Number of protein chains: 2
Amino acid sequence: MPTTRSYNDLCPIARALDVVGERWALLVVRELLLGPQRFSDLRDALPGVSSNLLTDRLRELEARGVVRRRVLPPPAGSSVYELTDRGGRLEPVLDALGEWGATESPAADGSLSATAVLLFLRGSLRAHPAAPSGTFRLRLENRAWTLVRRDGVLEIEPGDTEAADAEIRTDPITLNALLFDPDGLDAAVATGDAEIEGDVDALRRLLTAVALGGS
Amino acid sequence: MPTTRSYNDLCPIARALDVVGERWALLVVRELLLGPQRFSDLRDALPGVSSNLLTDRLRELEARGVVRRRVLPPPAGSSVYELTDRGGRLEPVLDALGEWGATESPAADGSLSATAVLLFLRGSLRAHPAAPSGTFRLRLENRAWTLVRRDGVLEIEPGDTEAADAEIRTDPITLNALLFDPDGLDAAVATGDAEIEGDVDALRRLLTAVALGGS
DNA sequence: CCGCATCCGTTTCGATACTG
DNA sequence: CAGTATCGAAACGGATGCGG
C-alpha cells in the first residue's frame with residue numbers, strides 16, 4: 001500500500017517533498033531521466049529496493065503525476081515507466097542534489113547504474129565548456145546510449161539514434177573510474193574492462209574534459 | 001538513535017540523499033536558511049515532528065557537517081543551530097524543490113512557518129526583476145526580519161539590522177495570502193490580521209511584485 | 001523470465017509523557 | 001527551554017509465491 005503521509009505544510013518545498021520525499025522516489029526519477037525503463041531495469045539499477053516497495057513507489061509517483069506507465073505496442077507487449085512532463089521538471093532538483101553530493105569524499109564502495117554514471121558524465125560536460133563536439137556511442141549493461149555534443153548543447157539519448165564517431169563498451173564502474181582518470185583508458189582496454197572503436201582520440205578528449213571539469 | 005541507513009550507491013545524487021534524504025532533514029535545513037534557530041523554534045516551525053526525532057535529525061545533520069550547534073555567549077547561555085558552509089550550499093536544492101512544488105495546486109490547508117513564507121517571498125522577488133528597491137521590516141511570530149533590496153540583489157536577514165522604509169506585522173498565513181492577493185492588504189489591516197507602518201505604498205508595490213512574479 | 005502480491009521481521013516514525 | 005524515555009503505528013527490506 002502506497003504511502004499517504006504528508007507534512008501538512010503549505011510551503012512549496014514541503015509540498016514537493018510530500019510527493020518525492022519518500023525513500024527511493026528521487027532515485028527512481030533519476031533512473032528515468034534519460035528515458036523510459038522497465039520494472040526490472042529499475043530494480044536492477046537500484047539494488048536494495050525491494051520489488052514490493054518499488055511497486056509502491058511507482059504507483060505513488062504515477063498517482064501524483066510524476067511517472068506514467070506505458071504499454072509498448074505489439075509485439076513487445078511489455079510495459080515501461082517514463083517521466084511525465086512534470087516529472088521531467090524535477091531535473092533541476094536532481095542536478096542540484098548531484099552537485100551538492102559530488103563535493104563529498106569520492107565515496108568508498110557501492111553500486112552504480114548506467115543512468116547514474118551517464119548523468120554524472122553529462123553534468124560534468126555541461127559544466128565544462130571546453131568539451132569537444134562529436135557523437136559517441138556508449139554501451140553499458142547491454143544497452144546503448146548516444147551522446148551528442150553539437151553547437152554547445154549536450155544530450156544523451158537511449159538507443160543508437162545516429163551514427164557515432166567513436167564507441168566505448170564497458171561497465172558503469174569502469175566508466176566512472178575513467179571519468180576521474182582518463183589515462184587509465186589504455187589499461188582498461190588491455191584488461192578487457194573496456195572496448196573502444198572509431199575515433200579513439202576524440203573519446204580520450206571527451207574523458208579528459210570531464211576530468212578537468214570535475215577537478 | 002540517529003539513522004545510519006545508506007543507499008550504497010556511488011552516484012552523487014544518492015550520496016546527497018544519504019545525508020539529507022531522511023524525513024524532515026531538508027525541512028530543518030529550510031528553517032535554518034535565513035539564520036540560526038533554537039531547538040524550540042524548529043519544533044514550533046515544524047509541527048508534526050516529534051521532539052525526539054528532531055533531536056535525532058539535528059545530531060545526524062551535525063555529524064554529517066550540515067548543521068552546527070553553537071552556544072550563545074553569556075548572558076544568553078542558550079544554544080542555537082545554524083547551517084555550516086556545506087549546509088548553506090543546499091540552498092540551490094531547496095530553491096529547485098520549491099520551484100517545482102509551487103507549480104502544484106495552491107494547496108489546501110496546513111501550517112506555514114515564518115521562514116517558509118519568507119523564503120517564498122524572497123524567491124518570488126528574485127525571480128521577478130521589477131521588484132521595487134527599499135528596506136522593509138517584517139514582524140512575524142514575535143520575531144523580526146529585515147528585507148533589503150538594493151542594486152538588484154535581495155536579502156532577508158533576521159533581526160532589525162537597519163532602518164526600514166516600512167514595516168508590516170502579521171502572521172505567516174496572512175502574509176502568504178497577501179502575496180497572492182495584495183489588494184487584500186486593507187482588509188487585513190481592518191480586521192487586525194496585519195498592522196502596517198511607514199511607506200505603505202512601497203509595501204504595496206512589494207507585495208504586488210510578488211503576485212505578478214508568481215502568476 | 002517479468003510484474004507484481006503476500007507475508008513477516010526490523011527499522012523508523014509519531015505521539016505522549018516525563019526530566020534536568 | 002531543551003531535550004529524553006517509552007510505546008504503538010507505519011514504513012521499509014527480504015523472501016517467497018503466482019499468474020502470464
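Residue numbers begin at 1 in each chain, while the letters A, B, ... track the order of the sequences. From a predicted model like this one, the values you see are computed outputs, not experimental measurements.
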Strictly below 4.0 Å: does A:Arg57 bring a side-chain N or O up to OP1 or OP2 of D:dC12?
yes

Nucleotides bounding contact with chain B, strand DNA chain C, heavy-atom threshold 4.0 Å
C:dT12 to C:dA17

Tell me which residues in residues 24-56 of chain B lie within less than 4.0 Å of DNA chain D, going by non-hydrogen atoms.
B:Arg38, B:Phe39, B:Ser40, B:Ser51, B:Asn52, B:Thr55

With a 4.0 Å cut-off on N to O distance, would you call B:Arg68 and B:Asp85 a salt bridge?
no

Are A:Glu162 and A:Arg150 ion-paired here, with the side-chain N under 4.0 Å from a carboxylate O?
yes

Under 3.5 Å, which protein N or O atoms sit close to an N or O of nucleotides 18-20 of chain D? Give each pair with its distance.
none

What class does the angle between the rings of A:Phe39 and A:Tyr81 fall in, given that below 30° is parallel, 30 to 60° is tilted and above 60° is perpendicular?
tilted

On DNA chain C, check which nucleotide each of A:Tyr81 and A:Ser6 is closest to and give me the residue with the more 5' one.
A:Tyr81

Under 3.5 Å, side chain of [X] to main-chain N/O of [Y], donor-acceptor pair present?
X	Y	result
A:Arg149	A:Leu206	no
B:Thr191	B:Ala187	yes
B:Gln37	B:Glu31	yes

Above 12 or not: heavy atoms from other molecules or residues under 6.0 Å from CD of B:Glu104?
yes

Heavy-atom count check: over 12 atoms from other residues, nucleotides or ligands less than 6.0 Å from A:Glu91 CD?
yes

Provide, to the nearest angstrom, the distance between the CZ atom belonging to A:Arg5 and the P atom belonging to D:dA10.
11 Å

Separation of D:dA11 atom P from A:Tyr7 atom OH, nearest Å, is 13 Å

Checking side-chain contact (heavy atoms from CB on, under 4.5 Å) for the pair B:Ser50/B:Arg43: CA distance, chi angles, key distance, verdict?
CA-CA 8 Å; B:Ser50 54; B:Arg43 198 193 18 184; over 6 Å; no

